[in-house]
Chemist: 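One structure coming up, written as structure tokens, with questions to follow.
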Amino acid sequence: MSRALQLAQRGLYTTHPNPRVGCVLAKAGAIVGEGWHEKAGEPHAEINALRQAGEKAAGATAYVTLEPCSHHGRTPPCVDALIAAGVSRVVAAMEDPNPLVSGNGLKMLAQSGMAVESGLLESQARDLNPGFIKRMTRGLPWVRVKLAMSLDGRTAMASGESRWITDTPARHDVQLLRARSSAVMTGIGTLMTDDPRLDVRLTSDELGISLPVRQPLRVVVDSKLRCPTQAKIFQSAGPILIMTTSEQEAACTRENVSVVRLANINGQVNLYQALNWLAEKQQVNELHVEAGSILSGALLEADLVDEVVIDMAPHIMGDSARGLFHLPQIASMNQRIGLDILDIRAVGHDWRFTARPKRRVIEQI
């Protein structure tokens with residue numbers, strides 16, 4: 001199963017909107033076939049492993065990181081292929097959270113007379129697909145907020161100047177986070193101040209993949225439709241989505257730009273509905289947010305953030321510089337938002353903190 005997890009990792013940048021899955025076929029103490037899912041519409045991990053094993057698949061055990069599918073999607077059910085190949089046992093790391101499968105695949109295999117087990121290295125398998133699991137179970141993407149700050153917690157000078165807080169290795173790390181994400185989101189303030197492209201600028205070789213680099217959907221939260229037509233984001237290829245509450249006609253009417261109008265909350269886009277829309281309409285598994293303190297703070301205040309990644313640079317920017325999150329609602333110590341620190345490591349001269357906010361009960365509209 002450990003090897004199957006390694007194989008699944010190879011689909012980190014390519015499987016959207018599908019989950020990352022790996023499969024190993026073992027027989028008489030030896031691996032006879034292995035495979036992973038590389039791209040939506042192409043064979044699943046089990047099929048690739050069966051093809052490599054050929055006749056040796058008969059009587060083998062299949063170790064797969066996610067329950068084999070039992071429904072017809074873009075490809076036929078994997079359970080049928082496993083049964084037809086004569087596999088004698090299937091060990092799944094976890095059940096598929098997709099309601100179309102959700103235990104049915106394992107049930108069908110057991111009914112065919114096959115030995116079936118589930119739960120081996122489940123936590124590691126879940127870590128591979130946090131976005132897919134959350135989209136299937138809660139109808140929302142996994143939201144990762146990425147920020148860079150100085151040692152004194154500042155993200156930009158008072159003027160908005162922020163290039164560059166961190167060094168080259170940390171900025172390369174951001175490219176990897178973008179590449180694994182289904183969509184990258186920013187706010188209109190960041191768009192107008194920093195003029196980012198928000199695309200993936202790494203090559204296939206740099207990502208270690210054989211497929212062309214997939215550009216994530218780029219999302220701009222722009223309540224009043226103020227997007228400047230000359231912004232760099234509109235000058236590069238790839239789909240762009242503007243989320244707004246405004247009824248006026250969008251100035252950016254390009255072929256690759258779509259506008260979605262959502263519910264208005266005090267003049268702002270309803271963020272819960274925005275995330276739900278991305279999950280339902282765009283099949284967004286992982287949403288990578290690179291925004292300023294206002295949008296980042298609003299997401300955090302609404303309890304919509306699953307993970308915070310902060311790169312801290314070893315310098316001081318001073319009192320007048322801007323902070324990480326705009327959270328004016330916090331006025332006392334008992335209103336603090338707690339974080340569970342998952343990882344701290346050096347990235348070049350900077351330090352990267354990965355944390356998960358502790359869940360609070362927030363009423364969503």
Side-chain angles (χ1 to χ4, degrees), residues 1-9 11-12 15-27 33-51 53 57-142 182 276 279-280 283-286 306 359:
M1 187 64 77
S2 180
R3 174 59 179 164
L5 289 164
Q6 290 178 345
L7 293 168
Q9 188 78 16
L12 187 66
T15 62
H16 163 82
N18 288 356
R20 299 128 185 171
V21 183
C23 179
V24 168
L25 292 171
K27 186 176 181 180
E34 59 181 34
W36 69 95
H37 181 49
E38 193 169 19
K39 183 181 179 182
E42 296 189 359
H44 289 185
E46 299 94 320
I47 305 304
N48 288 326
L50 288 170
R51 287 176 177 173
T61 294
Y63 295 88
V64 60
T65 60
L66 186 70
E67 175 185 6
C69 65
S70 56
H71 67 293
H72 281 270
R74 298 187 190 184
T75 57
C78 290
V79 293
D80 291 350
L82 290 166
I83 294 170
V87 171
S88 63
R89 176 171 169 249
V90 170
V91 180
M94 62 174 287
E95 288 190 7
D96 193 333
N98 187 342
L100 295 175
V101 184
S102 194
N104 290 328
L106 296 176
K107 182 179 179 180
M108 290 174 63
L109 292 172
Q111 288 174 341
S112 75
M114 198 177 297
V116 173
E117 299 174 37
S118 179
L120 180 62
L121 300 183
E122 181 173 353
S123 62
Q124 292 91 325
R126 295 182 73 87
D127 287 343
L128 269 173
N129 293 296
F132 180 78
I133 294 170
K134 189 180 176 188
R135 178 165 68 88
M136 289 296 160
T137 57
R138 295 183 56 197
L140 296 170
W142 179 269
S182 302
N276 178 256
E280 182 179 340
Q283 297 182 290
V284 170
N285 290 329
E286 294 183 24
D306 297 290
R359 284 290 172 217

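What you see below is based on every heavy atom in this structure, not just the backbone, and it leaves out hydrogens, waters and symmetry mates. Fair warning: this is a prediction, and the values are worked out from it, not measured in the lab.
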Chemist: Would a 4.5 Å heavy-atom cut-off, applied to side chains only, mark Ile83 and Ser112 as touching?
Modeler: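 Contact flag for Ile83/Ser112 side chains = yes.
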Chemist: Is there a side-chain contact between Thr65 and Met94 (heavy atoms, below 4.5 Å)?
Modeler: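 No; the side chains remain at least 4.5 Å from each other.
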Chemist: Kindly indicate, with the supporting measurements, whether the criterion side-chain contact (heavy atoms from CB on, under 4.5 Å) is fulfilled by Cys23 and Asn48.
Modeler: CA-CA 8 Å; Cys23 179; Asn48 288 326; over 6 Å; no
Chemist: Could you check whether any side-chain heavy atom of Thr61 comes within less than 4.5 Å of a side-chain heavy atom of Leu25, counting everything from C-beta outward?
Modeler: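 No, every pair of side-chain atoms sits at 4.5 Å or beyond.
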Chemist: Would you find a donor on one side and an acceptor on the other, under 3.5 Å apart, between the side chain of His37 and the backbone of Pro43?
Modeler: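 Such a contact is found between His37 side chain and Pro43 backbone.
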Chemist: Looking at every heavy atom in both Gly105 and Val79, which two are closest together, and how far apart are they?
Modeler: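 It is O-CG1, 3.6 Å.
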Chemist: Keeping the roles fixed (side chain from Glu46, backbone from Leu82), state whether a donor-acceptor pair exists under 3.5 Å.
Modeler: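 Answer holds: no.
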Chemist: Is there a side-chain contact between Val90 and Met114, using heavy atoms and a 4.5 Å cut-off?
Modeler: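 With C-beta onward as the side chain, the pair touches.
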Chemist: Met108 and side-chain contact (heavy atoms from CB on, under 4.5 Å): which single residue from Pro77, Ser70, Pro68 fits?
Modeler: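 Only one option passes, and that is Ser70.
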Chemist: Is the backbone N or O of Val91 less than 3.5 Å from a side-chain atom of Glu117, with the two atoms forming a donor-acceptor pair by type?
Modeler: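 No: the side chain of Glu117 does not pair with the backbone of Val91.
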Chemist: Which heavy atom of Ala57 sits nearest to which heavy atom of Leu50, and what is that distance?
Modeler: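 Heavy-atom minimum between the residues: CB-CD2, 3.8 Å.
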Chemist: Using a 3.5 Å cut-off and no angle test, enumerate the donor-acceptor pairs between side-chain atoms of residues 125-142 and protein atoms at least two apart in sequence or in another chain.
Modeler:
| residue | atom | partner | partner atom | Å |
| --- | --- | --- | --- | --- |
| Asn129 | OD1 | Arg20 | N | 2.7 |
| Asn129 | ND2 | Arg20 | O | 3.0 |
| Lys134 | NZ | Pro141 | O | 3.1 |
| Lys134 | NZ | Asp306 | OD1 | 3.2 |
| Lys134 | NZ | Asp306 | OD2 | 2.6 |
| Arg135 | NE | Asn285 | OD1 | 2.6 |
| Arg135 | NH2 | Pro17 | O | 3.2 |
| Arg135 | NH2 | Asn285 | OD1 | 3.3 |
| Thr137 | OG1 | Ile133 | O | 2.7 |

Chemist: Is the side chain of Asn18 donor-acceptor paired with the backbone N or O of Thr15 at a distance under 3.5 Å, no angle test?
Modeler: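 No; judged by distance alone, with no hydrogens or angles, the pair does not exist.
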Chemist: Find out whether Cys69 and His44 are in side-chain contact, i.e. whether some heavy atom of one side chain is under 4.5 Å from a heavy atom of the other.
Modeler: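 Contact flag for Cys69/His44 side chains = yes.
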Chemist: Which atom names give the shortest non-hydrogen contact between Glu67 and Asp96, and what distance separates them?
Modeler: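 Distance-wise, the nearest heavy atoms are OE1-N, 2.9 Å.
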Chemist: Within a reach of under 6.0 Å around NZ of Lys107, are more than 12 heavy atoms found that belong to other residues, nucleotides or ligands?
Modeler: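 Check fails, neighbour count at 12 or below.
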Chemist: Kindly indicate whether the side chain of Ser118, heavy atoms from C-beta on, has any atom under 4.5 Å from the side chain of Leu106.
Modeler: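 Yes - at least one pair of side-chain heavy atoms lies under 4.5 Å apart.
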Chemist: Grab the two heavy atoms, one from Pro97 and one from Leu66, that are nearest each other, plus how far apart they are.
Modeler: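 Scanning both residues completely, I find the closest heavy atoms to be CD-CD1, 4.1 Å.
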Chemist: Among residues at least two apart in sequence or on other chains, which ones pass salt bridge (Lys or Arg N to Asp or Glu O under 4.0 Å) with Glu34?
Modeler: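 By the salt bridge (Lys or Arg N to Asp or Glu O under 4.0 Å) rule, Glu34 matches Arg3.
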Chemist: Has Lys39 got a side-chain atom pairing as donor or acceptor with Gly11's backbone, closer than 3.5 angstrom?
Modeler: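 The answer is no, because no donor-acceptor pair under 3.5 Å joins these two groups.
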Chemist: Under a 3.5 Å distance rule, please check whether Ser88 uses its side chain to pair with a backbone N or O of Ala60 as donor and acceptor.
Modeler: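 Yes, the answer is positive, given that a donor and an acceptor are paired below the 3.5 Å cut-off.
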Chemist: Using only heavy-atom distances, determine whether the side chains of Ser182 and His16 contain a donor-acceptor pair under 3.5 Å.
Modeler: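 Judged by distance alone, the side chains do pair up.
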Chemist: Indicate the atoms forming the closest heavy-atom contact of Tyr63 with Ala26, along with that distance.
Modeler: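 In terms of heavy atoms, the two residues are closest at CE1-CB, 4.0 Å.
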Chemist: Mind checking the CG-CE spacing from Leu7 to Met1? Nearest 0.5 Å is all I need.
Modeler: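 Result: 11.5 Å between the selected atoms.
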Chemist: Return the minimal non-hydrogen interatomic distance between Ala93 and Leu121, and the atom names on each side.
Modeler: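 Nearest heavy atoms, Ala93 then Leu121: CB-O, 4.2 Å.
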